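Below you'll find the structure, written out as structure tokens, and then a few comments.
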Amino acid sequence: GGPTGFSYVSRMYRVLDDASAAELAGCATPLGKLYDGYLVIVFPQDARTLSALIVRATDDDDLALLRHRPAFEAAVAAIPHLAQWTEPGRFEPITDVLPGGGLNNTFRGQAPGVRGLYFVGDSVCTTNPAAGRGVSLGLLQAQALLGLIAEDPADAASAFDGWCVQNIEPWFHDHVHWDATLLRRWRGEDIDVDAQLPSDVICAAAEVDPSLMSVVLPYNAMFATPEVLQPAADRVREILRTGWRPPLAAGPARDELAALVVEAAAISAAR
């Protein structure tokens, strides 16, 4: 494996009014929006708190300036999805801006010939956390390993290694391909309709053709490995050839956001 190609900045906020707290409590999952050239996610948390996060390409030096508070504050005010969850008077920041990186997609096998030693969870597989797979992948592994140890402790490591190759490694490859193709789209490249389609494009196409939900739902719920999406690929290619592309949220594109961030950082540095 290796780097995903993405980095991020985040900041934690506390909800100040009861109406906003009730709205936040009703959010069962992270709230993500894909913009032209970047991704934003709001993570509901406990105790009336949330995290607002902006994901950028790691090599995007302009958006790297988001680590500075004035630049981040200018960005969240300009991005509609974040503005509604960070609005002064309804929310107050409780941390400084927190940069994050070192995100890797990795897959590793078991240690051969070491009886009683098992690698589970992130020591087997890590994926881009934007999709929230980590805990589920770890729990699936734990359940499988316990079953294999109960069946045959002497062969459990080897059997578990084979199980991971079949059931966990596909998620690693899925994210490697998803990340690479998304970064190319952020650089302005179009989707290669004739190549292997990334999972995010197939899932987005279900908004156009609801019949695709029969494969998208098992994938999203992780009831099946990513191969479940492949029977839908030809239908998605048909949709793409009509000119449809995965929708982007309304708001500043990457270049607009970068100009805003660079200006805010420069003004702050000049003070």
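Keep in mind that this is a model prediction, so the values were computed, not measured.
Under a 3.5 Å cut-off, the side chain of D152 and the backbone N or O of A154 do form a donor-acceptor pair. Of the possible polar contacts, one joining the T58 side chain to the G5 backbone as a donor-acceptor pair under 3.5 Å is found. Side-chain atoms of E92 do not come within 3.5 Å of backbone N or O of R14 as any donor-acceptor pair. For T127 (side chain) and F172 (main-chain N/O), no donor-acceptor pair under 3.5 Å exists by modelled atom type. Judged by distance alone, the side chain of R254 and the main-chain N or O of D36 form no donor-acceptor pair under 3.5 Å. At least one donor-acceptor pair closer than 3.5 Å links the side chain of D161 to the backbone N or O of Q110. S268 places no side-chain N or O within 3.5 Å of a backbone atom of A264 that could act as its donor or acceptor partner. Between the side chain of S123 and the main chain of V120, a donor-acceptor pair closer than 3.5 Å is present. Distance alone, capped at 3.5 Å, is enough to place a donor-acceptor pair between the N167 side chain and the W163 backbone. The backbone N or O of P129 sits nowhere less than 3.5 Å from a side-chain atom of H175 that would complete a donor-acceptor pair.
Hydrophobic cluster membership for V135: L139 (Ile, Leu, Val, Met, Phe, Trp, Tyr linked by side-chain heavy atoms under 4.5 Å, directly or transitively).
Under the 4.5 Å side-chain heavy-atom criterion for Ile, Leu, Val, Met, Phe, Trp and Tyr, Y219 and I168 are members of the same hydrophobic cluster. The same ILVMFWY cluster, assembled from side-chain heavy atoms under 4.5 Å apart, contains both M222 and V165. Connection of L66 to L39 is not established within any shared hydrophobic cluster, with ILVMFWY side chains joined at heavy-atom distances below 4.5 Å, either directly or through further cluster members. Placement of L65 and L98 in two distinct hydrophobic clusters is found when ILVMFWY residues are connected by side-chain heavy-atom separations under 4.5 Å, directly or transitively. Cluster annotation: V97 and M12 are assigned to distinct hydrophobic clusters (Ile/Leu/Val/Met/Phe/Trp/Tyr, side-chain heavy-atom contacts under 4.5 Å, transitive).
Between P246 and I191, the closest side-chain pair of non-hydrogen atoms falls below 4.5 Å. Using a 4.5 Å heavy-atom threshold, the side chains of V42 and H81 count as touching. Side-chain contact between R185 and R245: absent, with no pair of heavy atoms (C-beta onward) separated by less than 4.5 Å. Between W178 and N105 the shortest side-chain heavy-atom distance does not fall below 4.5 Å. Put simply, the side chain of W85 does not reach to within 4.5 Å of the side chain of V76, judged on heavy atoms. Proximity of L229 to V216: side-chain heavy atoms (C-beta onward) are separated by under 4.5 Å at one or more points. Two residues are said to be in side-chain contact when any heavy atoms from C-beta on lie closer than 4.5 Å; R56 and Y8 fail this criterion. At least one side-chain heavy atom of L257 sits under 4.5 Å from a side-chain heavy atom of Y38.
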May I have the step-by-step check of side chain to side chain contact (heavy atoms under 4.5 Å, CB included) for I79 and I54, ending in yes or no? CA-CA 10 Å; I79 300 170; I54 305 175; 4.1 Å; yes
As a quick check of understanding, evaluate side chain to side chain donor-acceptor pair (under 3.5 Å) for S51 and Q45, giving each step before the final call. CA-CA 7 Å; S51 285; Q45 300 166 171; 2.6 Å; yes
In sequence, state the C-alpha distance, the side-chain angles, and the governing distance for Y13 and T49, and then conclude on side chain to side chain donor-acceptor pair (under 3.5 Å). CA-CA 6 Å; Y13 293 80; T49 66; over 6 Å; no
Report the C-alpha distance between R90 and V15 in whole Å, list the side-chain angles of each, state the deciding distance to 0.1 Å, and finish with yes or no for side chain to side chain contact (heavy atoms under 4.5 Å, CB included). CA-CA 6 Å; R90 296 174 56 216; V15 184; over 6 Å; no
Candidate pair I149 and Y118, rule side chain to side chain contact (heavy atoms under 4.5 Å, CB included), full reasoning: CA-CA 10 Å; I149 292 174; Y118 309 103; 3.8 Å; yes
Taking it one step at a time, do Q141 and L145 satisfy side chain to side chain contact (heavy atoms under 4.5 Å, CB included)? CA-CA 6 Å; Q141 291 175 58; L145 178 59; over 6 Å; no
Where do S211 and D209 land on the side chain to side chain donor-acceptor pair (under 3.5 Å) test, with the steps shown first? CA-CA 5 Å; S211 70; D209 183 351; 2.6 Å; yes
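Within a 6.0 Å radius of CZ in R241, other residues, nucleotides and ligands contribute more than 12 heavy atoms. More than 12 heavy atoms of other shown residues, nucleotides or ligands fall within 6.0 angstrom of atom CD in E238. The environment of CD in E189 is crowded: more than 12 heavy-atom neighbours from other residues, nucleotides or ligands sit within 6.0 Å.
The minimum heavy-atom distance linking L16 with G89 is given by the pair CD1-O, 3.7 Å. In terms of heavy atoms, M213 sits closest to A206 at SD-CB, 3.3 Å. C125 and F107 get closest at one heavy-atom pair: CB-CD1, 4.2 Å. Taking every heavy atom of both residues into account, F160 and A144 meet most closely at CE1-CB, 4.4 Å. Nearest heavy-atom pair across A159 and L148 is C-CD1, 3.8 Å.
From R48, atom CZ reaches atom OG of S20 across 8.5 Å, with rounding to the nearest 0.5 Å. Distance check: Q84 CD to E23 CD gives 6.5 Å after rounding to the nearest 0.5 Å. With rounding to the nearest 0.5 angstrom, the NE2 atom of H177 is 11.5 Å from the CG atom of L182. In this structure, the separation between SG on C164 and CG on L140 is 10.0 Å, given to the nearest 0.5 Å. In this structure, the separation between CG on L53 and CZ on R11 is 13.5 Å, given to the nearest 0.5 Å. The SG atom of C203 sits 7.5 Å away from the CG atom of D200 when rounded to the nearest 0.5 Å.
Just one of D17, L50, L24 meets the side chain to side chain contact (heavy atoms under 4.5 Å, CB included) condition when paired with F91; it is L50.
In this structure, the side-chain contact (heavy atoms from CB on, under 4.5 Å) partners of P30, at least two apart in sequence or on a different chain, are I41, F43. The ring-ring contact (aromatic ring centres under 6.0 Å, His included) test applied to F119 returns no partner, not counting sequence neighbours.
Ring centroid separation for the pair W186 and F6 comes in under the 6.0 Å cut-off.
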